[in-house]
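Below is one structure, written out as structure tokens, with a few remarks after it.
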Amino acid sequence: MIEFWGATLVFFVLGAVMFLWPLWQKSDHDHQASRDALNKAFYYDRVEEIQSESDRRVD
């Protein structure tokens, strides 16, 4: 019976480590900051498109 509980404990610890490992790792870049920069780039590209369309309609 002790072998069962020992194996259960080992598997539980291994499973917990595998599940929590990505949370302990720090990424090289901040995902939120890169997403914000990408959204700003899309926004400014769209503003330029709208401005160029507006200029074409005036001509």
Side-chain angles (χ1 to χ4, degrees):
M1 190 68 171
I2 190 120
E3 293 88 9
F4 169 76
W5 289 111
T8 302
L9 180 64
V10 167
F11 285 126
F12 176 77
V13 170
L14 286 175
V17 168
M18 289 175 61
F19 180 75
L20 296 174
W21 187 262
L23 300 176
W24 289 327
Q25 297 296 315
K26 297 292 182 186
S27 63
D28 292 337
H29 62 284
D30 184 14
H31 294 288
Q32 182 68 30
S34 64
R35 185 173 58 213
D36 288 346
L38 185 60
N39 284 338
K40 286 179 186 177
F42 286 145
Y43 172 78
Y44 289 121
D45 285 345
R46 183 64 182 139
V47 168
E48 288 176 11
E49 288 176 10
I50 292 171
Q51 185 65 36
S52 67
E53 288 176 3
S54 175
D55 291 343
R56 267 190 260 143
R57 287 186 188 155
V58 172
D59 293 339

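Remember, predicted model here, so these are calculated numbers, not experimental data.
By the side chain to side chain donor-acceptor pair (under 3.5 Å) test, Glu49 pairs with Arg46, sequence neighbours left out. Residues meeting the side chain to side chain donor-acceptor pair (under 3.5 Å) test with Gln51, sequence neighbours left out: Asp55.
If you run side-chain contact (heavy atoms from CB on, under 4.5 Å) between Val10 and each of Thr8, Leu14, Val13, only Leu14 comes through.
Residues Met18 and Leu20 do not share a hydrophobic cluster, defined by chaining ILVMFWY side chains whose heavy atoms lie under 4.5 Å apart.
Rounding to the nearest 0.5 Å places CD1 of Ile50 at 11.0 Å from CG of Asp45. Rounding to the nearest 0.5 Å places CZ of Phe12 at 8.5 Å from CG of Leu9.
Applying the under-4.5 Å side-chain rule to Ile, Leu, Val, Met, Phe, Trp and Tyr, the cluster around Met1 extends to Phe4, Trp5.
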